[in-house]
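Worksheet: the structure to be examined is printed underneath.
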Amino acid sequence: MLLVNTIRDQFDQVLTGLEKRNFPDAHAILTQVLALDDRRKASQTQRDQLQAESNSISKEIGQLMREGKKEQAEHLKGKTVELKQQVKELEDQNSSAEEELKALLYTIPNIPHSTVRAGKSAEDNEVVLEHGTIPDLAGNKAPHWELIKTYDIIDFDLGVKIAGAGFPVYKGKGARLQRALINFFLDEAMAAGFVEVQPPIVVNEDSGYGTGQLPDKEGQMYHATADNLFLIPTAEVPITNIYRDVIVSEEDLPIKNVGYTPCFRREAGSWGAHVRGLNRLHQFDKVEIVQITHPDHSYQALEEMSSYVQSLLQKLELPYRVLRLCGGDMGFTSALTYDMEVYSAAQERWLEVSSVSNFETYQSNRLKLRFKDGDKKTQLAHTLNGSALALPRIVAAILENNQTEGGILMPKVLQPYLGFEKI
RNA sequence: AGAGGAGUGGCAGAGUGGUCGAAUGCGGCGGUCUUGAAAACCGUUGUACCGCAAGGUACCGGGGGUUCGAAUCCCUCCUCCUCUGCCA
């Protein structure tokens with residue numbers, strides 16, 4: 001969430017930023033934030049004062065008791081009863097102001113970076129670059145949902161039987177391809193300096209709030225109600241929460257982690273032609289990279305992460321493009337996001353396979369993720385993350401783009417992991 | 001899952017109702033001494049909020065309660081340890 005001080009000190013910039021995202025009623029909401037904060041401060045000042053008075057009387061009582069002056073002590077007790085009542089009232093006022101403030105701040109998205117342009121939807125995103133050539137498949141252009149049947153490598157019907165729609169079963173070379181991609185992505189990330197972690201794939205409420213899935217997107221996560229745990233929608237959640245309530249030292253920055261996890265998304269109510277096959281699933285595999293950086297270096301880190309993700313796509317020999325998302329299409333918590341899309345030659349469309357974002361202090365403020373700077377002051381770190389990469393659409397593109405009459409050719413970099421050259 | 005025990009500052013560890021934001025040791029930082037280092041000695045060393053400041057308030061696993069006053073008493077939840085059970 002945004003810092004109240006930022007809203008106070010840079011009111012106009014914040015307002016302009018929110019307008020870029022088409023955030024409604026920005027002015028009124030920001031004004032309300034400041035009013036709530038004033039209310040919070042006023043009640044705290046008063047409460048602290050009365051509490052101090054009460055504390056000193058209590059000390060006095062203790063002193064009198066020790067001296068055996070019981071009557072005087074009793075007399076003072078009467079005084080504190082009244083104070084106590086007032087303190088309680090102010091306390092309630094204070095915490096209700098604080099809660100309202102927090103609830104309101106949760107509804108305000110991050111401020112877009114200056115390079116982010118205004119826009120309403122995906123149509124307004126900027127194409128930053130395109131790379132690779134789109135294959136000409138001529139006559140035989142089977143979409144991946146046909147190819148997986150032809151070669152019997154991914155079975156949706158079996159998944160329906162076992163769990164439901166959107167939970168495919170990977171079989172034989174299909175399963176092997178999954179494992180190869182995961183290992184390839186992890187090895188590449190380690191070579192690029194990311195430290196691998198294997199986090200839990202369920203998280204508690206605190207973690208959900210820490211990275212912003214709660215209270216916002218509660219319905220998007222599978223919820224194990226008996227234990228009040230949520231299946232993770234992305235490894236971002238458990239990995240970033242490693243650093244919740246942590247003060248790291250400046251020398252430890254940047255912190256770079258990578259993790260492979262399955263991801264679970266309920267994605268209620270969006271079915272149709274665009275989401276056939278592997279395009280959208282309830283369970284999928286993803287390797288995620290996370291960085292925690294010094295505020296001065298986060299945009300440099302973002303560019304590096306973008307290049308890193310592109311290097312993976314290049315090695316997989318997939319044609320891709322990079323988008324800089326417009327204000328309206330960017331995630332709630334992000335300040336700047338690049339989307340990487342690969343071209344899926346049979347579907348003849350671009351598929352998003354990665355989203356690389358800088359959250360600046362938006363997440364770290366909630367997480368209380370800080371570092372001590374040179375002057376021994378604690379300040380919020382910046383958090384970033386990106387998919388590197390999400391598997392299903394990569395698989396879809398590999399299958400579609402590399403299909404030949406004699407089978408589907410596997411990218412060279414994967415062959416050592418696969419142990420075969422084609423499906 | 002059952003029985004018992006325990007959670008205190010970066011770490012170890014005292015503290016069972018007032019003088020405790022908290023002894024002591026270790027570690028960290030600064031200094032004295034030294035050519036330099038070690039040792040020794042001296043000082044310093046949590047976080048957040050309110051306040052222009054002086055200063056104040058809160059925090060001893062989380063939440064709630066008793067009391068004029070809670071690290072200390074009560075309730076509840078969480079976590080860890082020991083034993084028993086179950087189990088990859």
Side-chain angles (χ1 to χ4, degrees), chain A residues 1-9 33-105 198-210 214 223-230 238 241-253 255 262 361 363-381:
Chain A
M1 59 185 165
L2 295 178
L3 290 146
V4 176
N5 282 342
T6 309
I7 297 175
R8 197 177 288 282
D9 300 341
V33 165
L34 296 184
L36 279 170
D37 192 48
D38 288 341
R39 225 174 81 194
R40 179 188 67 85
K41 286 180 177 179
S43 56
Q44 189 185 329
T45 308
Q46 269 190 71
R47 184 207 59 190
D48 284 0
Q49 231 166 45
L50 294 181
Q51 187 62 257
E53 210 176 307
S54 172
N55 285 349
S56 85
I57 292 174
S58 287
K59 270 186 189 157
E60 230 176 291
I61 292 172
Q63 184 64 29
L64 290 169
M65 297 290 262
R66 254 171 284 124
E67 290 168 6
K69 297 175 178 168
K70 266 211 155 163
E71 257 173 57
Q72 290 183 47
E74 286 303 321
H75 174 71
L76 282 179
K77 279 190 194 178
K79 264 174 124 177
T80 56
V81 173
E82 200 182 316
L83 276 176
K84 207 182 155 187
Q85 186 54 36
Q86 290 176 27
V87 167
K88 179 97 175 79
E89 271 167 39
L90 287 163
E91 182 77 56
D92 290 346
Q93 279 179 35
N94 186 249
S95 50
S96 80
E98 217 163 78
E99 268 166 46
E100 275 178 61
L101 178 62
K102 212 165 144 191
L104 193 59
L105 285 171
Q198 264 191 35
I201 60 172
V202 293
V203 293
N204 58 27
E205 264 183 277
D206 284 349
S207 297
Y209 277 98
L214 294 175
H223 189 192
T225 50
D227 298 292
N228 198 25
L229 293 170
F230 296 88
N241 271 284
I242 290 173
Y243 305 98
R244 170 155 50 87
D245 290 321
V246 169
I247 300 177
V248 299
S249 44
E250 195 171 4
E251 309 89 72
D252 293 337
L253 300 175
I255 292 169
T361 60
Q363 283 185 333
S364 58
N365 186 30
R366 276 201 202 185
L367 291 161
K368 298 202 172 59
L369 161 50
R370 293 161 293 173
F371 70 97
K372 273 207 198 300
D373 66 18
D375 301 330
K376 293 192 173 170
K377 292 226 171 194
T378 50
Q379 50 171 309
L380 294 169

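Proteins come first, then strands; the chains are lettered A, B, ... in the order of their sequence lines, and each starts at number 1. Keep in mind that the numbers below use all heavy atoms, side chains included, and drop hydrogens, waters and symmetry copies. These numbers were taken from a predicted model, which means no experiment stands behind them.
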Item to complete: Could you measure between the two C1' atoms, the one in G27(B) and the one in A12(B), and give it in whole Å?
Response: 10 Å
Practice prompt. Would you give the length of the straight line joining atom CG of Leu50(A) to atom OG1 of Thr45(A), rounded to the nearest 0.5 angstrom?
Written response: 11.0 Å
Item to complete: Write down the distance separating the P atoms in A6(B) and C42(B), rounded off to the nearest Å.
Response: 37 Å
Item to complete: Determine whether more than 12 heavy atoms belonging to other residues, nucleotides or ligands lie under 6.0 Å from atom CD of Gln198(A).
Response: no
Item to complete: Assign Lys59(A) to base, sugar-phosphate, or nothing according to its heavy-atom contacts below 4.0 angstrom with the strands shown.
Response: nothing
Practice prompt. Name the nucleic acid region contacted by Ile61(A), choosing base, sugar-phosphate or nothing; use a 4.0 angstrom heavy-atom cut-off, strictly under.
Written response: base
Worksheet item: When rounded to the nearest Å, what value does the distance between P atoms of G2(B) and U72(B) take?
Response: 27 Å
Discussion item. What's the gap between U19(B) and G25(B) when it is taken at their P atoms, as a whole Å value?
Written reply: 23 Å
Discussion item. Which heavy atom of Ile255(A) sits nearest to which heavy atom of Tyr243(A), and what is that distance?
Written reply: CG2-OH, 3.3 Å
Discussion item. In whole Å, measure the gap between the C1' atoms of U45(B) and G36(B) for me.
Written reply: 27 Å
Worksheet item: What is the base-pairing partner of G30(B), counting Watson-Crick and G-U wobble geometry with both distances under 3.5 Å?
Response: C42(B)
Response to the item:
In Watson-Crick or G-U wobble terms, with both distances under 3.5 Å, the base opposite A70(B) is none
Item to complete: For Thr378(A), answer base if it contacts any base atom (sugar-phosphate contacts may also be present), sugar-phosphate if it contacts only those atoms, and nothing otherwise; contact means non-hydrogen atoms under 4.0 Å.
Response: sugar-phosphate
Worksheet item: Across all strands shown, which nucleotide pairs with A3(B) by Watson-Crick or G-U wobble geometry, both distances under 3.5 Å?
Response: U82(B)
Worksheet entry | NZ/NE/NH1/NH2 to OD/OE distance under 4.0 Å, Lys41(A) and Asp38(A) | no
Worksheet item: Just by distance, with hydrogens left out, do Asn55(A) and Ser58(A) show a side-chain donor and acceptor under 3.5 Å apart?
Response: no
Discussion item. When the P atoms of G69(B) and C50(B) are compared, how many Å lie between them, rounded to an integer?
Written reply: 26 Å
Solution key, residues 72-89 of chain A side-chain donor-acceptor pairs under 3.5 Å, sequence neighbours excluded:
from, atom 1, to, atom 2, distance (Å)
Glu74(A), OE2, Lys77(A), NZ, 3.3
Thr80(A), OG1, Lys77(A), O, 2.7

Fill in: Between C75(B) and U57(B) - C1' atom distance, rounded Å
27 Å
Response to the item:
Under a 4.0 Å heavy-atom criterion, RNA chain B is touched by chain A from G18(B) to G69(B)
Worksheet item: Which residues pass the side-chain hydrogen bond (donor to acceptor under 3.5 Å, both in side chains) test with Tyr209(A), sequence neighbours left out?
Response: none
Worksheet item: On a whole-Å scale, what distance lies between the C1' atoms belonging to G21(B) and U8(B)?
Response: 11 Å
